[in-house]
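Since the structure is predicted, the reported quantities are computational estimates derived from the model, not experimental observations.
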Amino acid sequence: MQLDHVTLRTSDLEGTREFLEDILGLKIGYRPSFGFPGYWFYNGDQPIVHLIPGDGSTAARNAEGIDHVAFRLDGYLKFREGLELKGIPYSTMDLPKLGERRLFVRTPSGILMELVFREVAGLLPS
């Protein structure tokens, strides 16, 4: 089994679109006409993120829902420097036993994104 895509609902459709394009490098591609606005973002030829409008309401922290979306990327240090240059706040988590470093960022409407960088175990840069 493989995850096909995730649909994000946001009160800031255009700001989140810019974020996904600029920060994650996802590309907008074909989206059927559903009668409401939105975007499909592609990684290669696969639409992996669907973006649709929301009303901005939030769920209680203990409500059922998706907590965050994670993407696997390459180039941790360059990516982190890019966030700093753009003034985008982030937090970090290093998991040396897994050979991973993680960055956590939020979209303009507050959706949590986890960015996972796999490195060679024991050779994580500082």
Side-chain angles (χ1 to χ4, degrees):
M1 182 181 305
Q2 176 177 318
L3 181 65
D4 186 73
H5 71 276
V6 62
T7 298
L8 304 178
R9 191 178 297 269
T10 178
S11 61
D12 186 355
L13 190 65
E14 294 307 315
T16 304
R17 175 191 59 78
E18 290 174 10
F19 180 90
L20 293 173
E21 287 178 310
D22 185 43
I23 303 303
L24 295 184
L26 294 173
K27 305 293 182 202
I28 294 175
Y30 171 76
R31 176 183 181 263
S33 177
F34 293 116
F36 57 90
Y39 299 100
W40 280 11
F41 290 89
Y42 285 69
N43 182 29
D45 62 353
Q46 297 299 312
I48 62 167
V49 177
H50 297 178
L51 187 64
I52 60 175
D55 65 9
S57 60
T58 58
R61 186 69 184 141
N62 63 350
E64 288 191 36
I66 295 173
D67 183 74
H68 66 277
V69 177
F71 296 95
R72 184 164 299 147
L73 302 164
D74 295 315
Y76 175 85
L77 291 177
K78 184 175 180 181
F79 199 94
R80 186 171 171 174
E81 289 169 4
L83 292 175
E84 290 173 2
L85 285 172
K86 294 172 183 170
I88 296 174
Y90 64 88
S91 61
T92 64
M93 177 187 291
D94 292 344
L95 300 169
K97 289 186 178 182
L98 296 177
E100 294 180 353
R101 300 189 92 176
R102 297 173 184 212
L103 297 171
F104 295 87
V105 298
R106 291 196 179 270
T107 68
S109 62
I111 299 168
L112 181 61
M113 302 273 175
E114 178 180 349
L115 310 176
V116 179
F117 299 83
R118 286 230 167 124
E119 309 287 346
V120 177
L123 298 177
L124 289 170
S126 311

Can you see which heavy atom on [X] is nearest to which on [Y], and at what distance?
X: Phe79; Y: Leu115; result: CE2-CD1, 3.2 Å
X: Pro89; Y: Val105; result: O-CG1, 3.8 Å
X: Pro108; Y: Phe19; result: CD-CB, 3.8 Å
X: Asp55; Y: Ser11; result: C-CB, 4.2 Å
X: Thr10; Y: Asp12; result: OG1-N, 3.0 Å
X: Phe36; Y: Ile52; result: CE1-CG2, 3.6 Å

Quickly, which of Arg17, Lys27, His5, His50 forms a side-chain contact (heavy atoms from CB on, under 4.5 Å) with Phe41? Name it, please. Arg17
So, do [X] and [Y] sit near enough that their side-chain heavy atoms are less than 4.5 Å apart?
X: Leu73; Y: Leu24; answer: yes
X: Thr107; Y: Met113; answer: yes
X: Leu8; Y: Ile66; answer: no

Run Val49 and Asn43 through side chain to side chain contact (heavy atoms under 4.5 Å, CB included) and show every step you take. CA-CA 9 Å; Val49 177; Asn43 182 29; over 6 Å; no
Please say yes or no: joined through hydrophobic side-chain contacts below 4.5 Å, possibly via intermediate residues, are [X] and [Y] part of one cluster?
X: Met93; Y: Leu98; answer: yes
X: Phe117; Y: Phe71; answer: yes
X: Leu26; Y: Tyr42; answer: no
X: Ile28; Y: Val69; answer: yes
X: Ile111; Y: Ile88; answer: yes

Leu51 side, atom CG; Leu13 side, atom CG - distance, nearest 0.5 Å: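 Between Leu51 CG and Leu13 CG, I get 5.0 Å after rounding to 0.5 Å.
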How many angstroms lie between atom CD1 of Ile23 and atom CD of Glu21, to the nearest 0.5 angstrom?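 Between Ile23 CD1 and Glu21 CD, I get 11.0 Å after rounding to 0.5 Å.
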Taking Arg31's backbone N and O only, do any of them form a donor-acceptor pair with Tyr39's side chain (distance below 3.5 Å, no angle check)?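 No; judged by distance alone, with no hydrogens or angles, the pair does not exist.
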Is a donor on one side and an acceptor on the other found under 3.5 Å between the side chain of Asp94 and the backbone of Pro96?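 No, because the side chain of Asp94 does not come within donor-acceptor range (under 3.5 Å) of the backbone of Pro96.
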Angle class for the Trp40/Tyr30 ring planes (parallel below 30°, perpendicular above 60°, tilted otherwise)?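 It falls in the perpendicular class, over 60°.
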Salt-bridge contact Lys78-Glu81 (side-chain N to carboxylate O under 4.0 Å): no
